[in-house]
2 protein chains.
Amino acid sequence: MGKCEQCIIRKFSSLRALNKEELIKISSCKTSRIVKKGEPLFEEGDHLKGVFCIREGACKLTKLSSNGKNHIVKFITKGDLLGQRSVISDESVNLSAVAVNDMEVCFIPRDEIMDSFRGNPDFSVEVVRDICYDLKNSDDVSVNMAQKNVKQRLADSLLYMHDTFGEDIDGFIKVQLSREEIAGMVGTATESLIRMLSEFSKKGLIEVKGKRIKISSILKIQNVSDGIM
Amino acid sequence: MGKCEQCIIRKFSSLRALNKEELIKISSCKTSRIVKKGEPLFEEGDHLKGVFCIREGACKLTKLSSNGKNHIVKFITKGDLLGQRSVISDESVNLSAVAVNDMEVCFIPRDEIMDSFRGNPDFSVEVVRDICYDLKNSDDVSVNMAQKNVKQRLADSLLYMHDTFGEDIDGFIKVQLSREEIAGMVGTATESLIRMLSEFSKKGLIEVKGKRIKISSILKIQNVSDGIM
DNA sequence: AAAAATATATGATATTTGTCATGTATTTCT
DNA sequence: AGAAATACATGACAAATATCATATATTTTT
């Protein structure tokens with residue numbers, strides 16, 4: 001199995017603040033795992049025994065809403081850490097994590113993380129910074145969800161998907177979600193979402209090929225998001 | 001000025017994890033301040049030089065949305081700490097804080113907080129726990145905003161106000177917000193909000209006297225929130 | 001206390017969004 | 001390959017919500 005010290009992935013997460021000894025210690029007790037597309041990493045209410053480090057692939061964090069729909073709160077991709085919140089605050093997880101493509105993840109047991117958190121202030125500051133960033137984002141999302149209409153929210157979701165996954169060689173967003181999943185992310189009925197996708201498509205804002213979506217003009221989509229239509 | 005060691009307020013916040021020495025040190029450099037209803041404590045984009053500890057009163061955290069409306073994200077009340085996020089992650093604040101009634105706040109300079117954060121793991125764990133709790137809540141709010149309709153969201157806001165401020169002697173929620181403010185919190189037009197308030201009132205779910213609102217049946221409001229109507 | 005400004009309320013109407021029905025395309029299973 | 005299941009698409013309509021107009025109540029100012 002690979003060694004944490006040499007793993008490039010950690011450079012992108014708060015793990016970068018760990019020193020060599022800590023990395024070696026973690027390396028010796030971490031486990032690695034493959035998660036296939038569609039499989040859950042954990043589910044809402046689970047109690048995590050450690051933190052996941054995403055080496056490859058991506059997953060969606062979802063929450064079952066009271067109306068029975070699955071809402072995608074955010075995506076976690078290569079290089080991200082997952083589960084710190086739950087591990088540090090010692091509470092069950094609030095969201096489910098499901099792979100949106102094949103993933104390779106490392107698992108670092110709770111005790112290792114907590115030792116470093118309590119013993120290495122650089123690491124704890126990094127971790128908190130990450131969580132603060134998530135909180136800021138989440139607050140922004142709340143405001144957008146409350147104040148924007150469905151069309152604006154779809155524009156936001158498209159931009160978020162584009163930011164998170166990037167483009168393939170043809171310029172399509174490098175992730176394939178069902179219409180239902182996108183509807184859940186936007187917070188609308190699947191039929192409404194489908195209609196809006198074709199409206200965007202007709203207006204030349206996007207190009208749709210099956211599940212693949214290409215943003216024709218970032219600027220125009222941004223304008224929709226800002227209510228300039 | 002009062003001493004932090006003897007301040008009961010700190011018992012309710014992460015400051016409880018501080019030891020006597022730290023408290024004495026903070027006590028010597030903290031400042032106290034009165035903020036009148038309607039006055040801002042800080043504004044979106046400000047760079048905070050420290051953390052606020054709410055000794056008395058409450059404030060709303062708001063964000064200006066792209067459609068020009070002020071959205072109330074949450075309330076901060078007596079005993080809460082404010083600004084940790086911004087101070088620890090060393091970023092400008094994301095939200096404005098405006099007093100909803102007369103407040104008395106203590107101000108603790110950044111360096112003091114950071115020294116304790118880096119030097120006292122018990123404190124840093126407490127702080128992170130607080131922030132994690134906020135994040136969990138914020139994610140929940142996002143989902144509710146996206147998936148619930150306006151009526152359900154109004155029910156949520158009423159319950160939140162009730163939880164946060166409690167009841168006065170007549171059973172009315174102990175805070176007075178304008179219809180516009182409530183509309184901003186719910187994420188709807190002011191006229192729509194007014195209509196729904198009178199609908200709730202007609203149905204006997206709430207009692208309205210000017211700006212004062214009484215929840216007649218928590219259970220019924222909870223049912224509305226859950227879509228059981 | 002009167003005038004002005006602001007907040008609340010309500011009707012009429014337009015727009016947005018959701019729901020139901022139904023058909024077609026695509027994927028999955030055997 | 002064919003059948004079954006699932007996903008996507010679209011029309012028709014209903015319900016929810018926003019907008020505009022206007023009236024009244026309340027608060028603030030003078």
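Throughout, a chain's letter reflects where its sequence line sits, starting with A, and its residues are numbered from 1.
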Salt bridge (Lys or Arg N to Asp or Glu O under 4.0 Å) filter on B:K69, not counting sequence neighbours, yields none
With sequence neighbours left out, the residues meeting side chain to side chain donor-acceptor pair (under 3.5 Å) with A:K60 are A:E181
Short question: side chain of A:R212, backbone of A:F172 - any donor-acceptor pair under 3.5 Å?
no
Per-helix bend value, the helix from C:dA1-D:dT30 to C:dT30-D:dA1, C1' rotation axes over five pairs per end, 10° rounding, shows 50°
Short side-chain to backbone donor-acceptor contact, B:D80 and B:T77, under 3.5 Å
yes
With sequence neighbours left out, the residues meeting salt bridge (Lys or Arg N to Asp or Glu O under 4.0 Å) with B:K78 are B:E56
Verify whether one side chain among A:S138 and B:D139 offers a donor that lies under 3.5 Å from an acceptor in the other. yes
Sorted by number, residues from residues 175-185 of chain B placing a heavy atom under 4.0 Å from DNA chain D are none
query = Does the side chain of A:V128 reach to within under 4.5 Å of the side chain of A:C132, using non-hydrogen atoms?
reply = yes
Does B:T62 offer a backbone N or O that forms a donor-acceptor pair with the side chain of B:H71 under 3.5 Å? no
Expected list for residues 198-209 of chain B near DNA chain D, using heavy atoms below 4.0 Å, is none
Taking the inter-plane angle between the rings of B:F75 and B:F165 on a 0 to 90° scale, is it parallel (under 30°), tilted (30 to 60°) or perpendicular (over 60°)? perpendicular
Residues at least two apart in sequence or cross-chain that pass side chain to side chain donor-acceptor pair (under 3.5 Å) with A:K49, listed by chain then number, are none
The first and last nucleotides of DNA chain C lying within contact of chain A, meaning any atom under 4.0 Å from one of its heavy atoms, run from C:dT17 to C:dC20
Residues passing the salt bridge (Lys or Arg N to Asp or Glu O under 4.0 Å) test with B:R195, sequence neighbours excluded, are none
When every non-hydrogen atom of B:M103 is compared with those of B:V105, the smallest separation belongs to CE-CG1, 3.8 Å
Q) Between B:K151 and B:E199, is the closest basic N to carboxylate O distance under 4.0 Å? A) yes
Applied to residues 94-107 of chain A, the side-chain hydrogen bond (donor to acceptor under 3.5 Å, both in side chains) test, sequence neighbours excluded, yields A:R55-A:E104, A:K63-A:N94, A:N94-B:D140
For A:K74, the salt bridge (Lys or Arg N to Asp or Glu O under 4.0 Å) test, sequence neighbours excluded, returns A:D134
In B/S/- notation (B base, S sugar-phosphate only, - none; protein heavy atoms under 4.0 Å), nucleotides 16-30 of chain D written 5' to 3' is -SBBB----------
